[in-house]
Q: 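Got a structure for you, written out below as structure tokens; questions coming shortly.
Order of listing sets the numbers, starting from 1, for every ligand and every atom in it. Basis for what follows: all heavy atoms, side chains included, without hydrogens, waters or symmetry-related copies.
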Amino acid sequence: MIPIAKPQLGKEEIDAVTEVLNSGMIAQGPKVEEFELAFSEHTGCEYAAAVNSGTAALHIALLAHGIGKEDEVITSPFSFIATANSILYTGAKPVFADIEPDTFNIDPERIKEKITPKTRAIMPVHLYGHPADMKAIMEIADDNKLIVIEDACQSHGAECLGKKVGSFGTGAFSFYPTKNMTTSEGGMLTTDEKEIAEKAKMIRAHGSKVRYLHEMLGFNLRMTDIAAAIGLVQLGKLDGFTAARQKNAEILSAGLRGISGLVPSITKAGCTHVFHQYTVRANKRDQLAAFLKEKEIGTGVHYPIPIHKQPFYKELGYKDSLPVSEKAVEEVLSLPVHPALSRSDVQKIVEETNKFYSQD
Ligand SMILES: *Cc1c(COP(=O)(O)O)cnc(C)c1O
């Protein structure tokens, strides 16, 4: 079976973990600090704060900016549930703005329509590794004095107009095993604001800078040195992983062009796509997925239900009509694009997809 995702872990990661275990310092320690420094440099940010998941990074980013009850945060309904849930955790209200049909990212024009006196922040998602339209989003944020928190959980190293995602506003990254780089579970907040970085580091450790002195309500959302050691090795490999994803995507796009009934993944001018997913729009999507499964090719639907239609959100009273997202969930299919694929795997994905659409 060609899997839809596969972490790339080798001897270097094993050695790095062994070194930490042998040191006896296995909770948050010097490796976390080293990883934060390396990640902030990679992202082009002044500061980074490591946490134990991407969800935690989003949650802490909102809290560090003082977002909570009575506030509204505009975000995408076409994302993993954690995006909107992180807003709910703070007591604020997620407000959904529909997406662009080509990139599947939040549409700046739709953001403008959702701004109210309660709006405090915009949380774009760089979905599938393709940056959201940060030029337009930063302009809207500036005009309306809004905070920008980027859900960069799928877009390590992606760039918009030559600037890395996660460096426009406050960034949140995930290192879950299926992501472009991993620490097992893990996450990172990135920022140029010293105050936000300091607050984030307090919130992740029970609101304290100095042990047993608690200045605010915090949580335990710390990363371990074991995870950070894996992250340091993976970060060193990230550019290579990204290049392999981009090469695989190029072969997929060339091989899938011209199929009637399928729209290959697109990359907008000015954007560097890091292909967390290679996602097409497909007629007969479910039949194609079943056909490929029979040929031992794994696929994924990211995502089958928009967030505002999730049972829990309907219970909260969401009744939005967001037609672009509601159509996308019926048509999207992610094909394997990860760096563990061989050239013949990629060729097989192209051939079998073509075969499916050439059946009468
Ligand atoms: C993975 C992901 C998250 C959450 O990250 P975790 O590390 O799993 O908590 C949030 N948003 C998006 C878009 C993601 O893909």
Side-chain angles (χ1 to χ4, degrees), residues 4-7 32 35 39 48-63 73-90 94 96-97 99-100 103-106 121-132 134 137 148-158 165-166 169-190 200 203-204 219-224 227-228 230-231 234-235 245 273-279 300-308 310 313 325 328-329 332 334 337-338:
I4 181 68
K6 189 173 183 223
V32 165
F35 184 35
F39 199 84
V51 289
N52 58 17
S53 72
T55 308
L58 289 166
H59 183 193
I60 288 190
L62 291 158
L63 292 176
V73 179
I74 300 174
T75 192
S76 172
F78 193 62
S79 182
F80 182 54
I81 192 82
T83 307
N85 279 357
S86 70
I87 300 165
L88 287 180
Y89 298 156
T90 69
F96 298 110
I99 57 170
E100 302 171 332
T103 65
F104 303 101
N105 282 323
I106 195 165
I122 308 170
M123 185 185 278
V125 182
H126 307 297
L127 199 72
Y128 307 145
H130 190 297
M134 293 314 293
I137 291 168
V148 174
I149 295 170
E150 302 173 68
D151 182 337
C153 287
Q154 302 189 355
S155 55
H156 316 67
V165 302
T170 301
F173 292 83
S174 166
F175 305 123
Y176 187 73
T178 57
K179 305 290 160 98
N180 291 30
M181 60 172 283
T182 188
T183 61
S184 72
E185 295 275 5
M188 189 76 79
L189 177 150
T190 54
I203 296 167
R204 79 174 167 194
F219 303 85
N220 176 358
L221 300 170
R222 291 183 299 260
M223 177 180 274
T224 68
I230 301 171
Q234 289 268 303
L235 183 60
R245 286 176 182 273
H273 194 332
V274 295
F275 295 99
H276 171 60
Q277 301 293 356
Y278 184 96
T279 304
V301 174
H302 306 101
Y303 293 88
I305 304 171
I307 297 176
H308 65 289
Q310 291 287 351
Y313 280 78
S325 299
V329 297
V332 289
S334 302
V337 72
H338 55 81

Q: Ligand 1 versus V125, non-hydrogen atoms closer than 4.0 Å: side chain, backbone, both, neither?
A: side chain
Q: Would you say the side chains of S334 and H302 form a donor-acceptor pair under 3.5 Å?
A: yes
Q: For atom 9 (O) of ligand 1, what's the nearest protein heavy atom and its distance?
A: T55 OG1, 2.5 Å
Q: Mark up the atoms of ligand 1 that fall under 4.0 Å of a heavy atom belonging to G54, in ascending order.
A: 5 (O), 6 (P), 7 (O), 9 (O)
Q: Do Q154 and ligand 1 have an N or O pair less than 3.5 Å apart?
A: yes
Q: Can you sort out the partners of Y89 under ring pair (Phe, Tyr, Trp, His ring centres under 6.0 Å), two or more places apart, ordered by chain and number?
A: H59
Q: Please state whether the rings of F173 and H156 are parallel, tilted or perpendicular, taking 30° and 60° as the class boundaries.
A: tilted
Q: Out of all atoms in ligand 1, which are within 4.0 Å of some heavy atom of A82? Include the element for each.
A: 4 (C), 10 (C)
Q: Side chains of V51 and L189: closer than 4.5 Å at any heavy-atom pair?
A: no
Q: So, N105 side chain and P131 main chain: donor-acceptor pair closer than 3.5 Å or not?
A: yes
Q: Using a heavy-atom cut-off of under 4.0 Å, does the side chain or the backbone of K179 touch ligand 1, or both, or neither?
A: side chain
Q: What orientation do F35 and F175 show, parallel under 30°, tilted 30 to 60°, or perpendicular over 60°?
A: tilted
Q: Residue-level breakdown please: for S53 versus ligand 1, do any non-hydrogen atoms fall below 4.0 Å on the side chain, on the backbone, on both, or on neither?
A: both
Q: Looking only at heavy atoms of H276, does any of them come nearer than 4.0 Å to an atom of ligand 1?
A: no
Q: Who passes ring pair (Phe, Tyr, Trp, His ring centres under 6.0 Å) against H126, sequence neighbours left out?
A: none
Q: Mark the output for G187 as yes if a heavy-atom distance to ligand 1 is under 4.0 Å, and as no if none is.
A: no
Q: Looking at H308 and P77, what are the two nearest heavy atoms and their distance?
A: ND1-CB, 3.6 Å
Q: Show me which atoms of ligand 1 lie under 4.0 Å from any heavy atom of C153.
A: 2 (C), 3 (C), 10 (C), 11 (N), 12 (C), 14 (C)
Q: Closest non-hydrogen protein atom to atom 11 (N) of ligand 1, residue and atom name please, with distance?
A: D151 OD2, 2.8 Å
Q: Would you mind listing which atoms of ligand 1 come within a distance below 4.0 Å of any non-hydrogen atom of S79?
A: 13 (C)
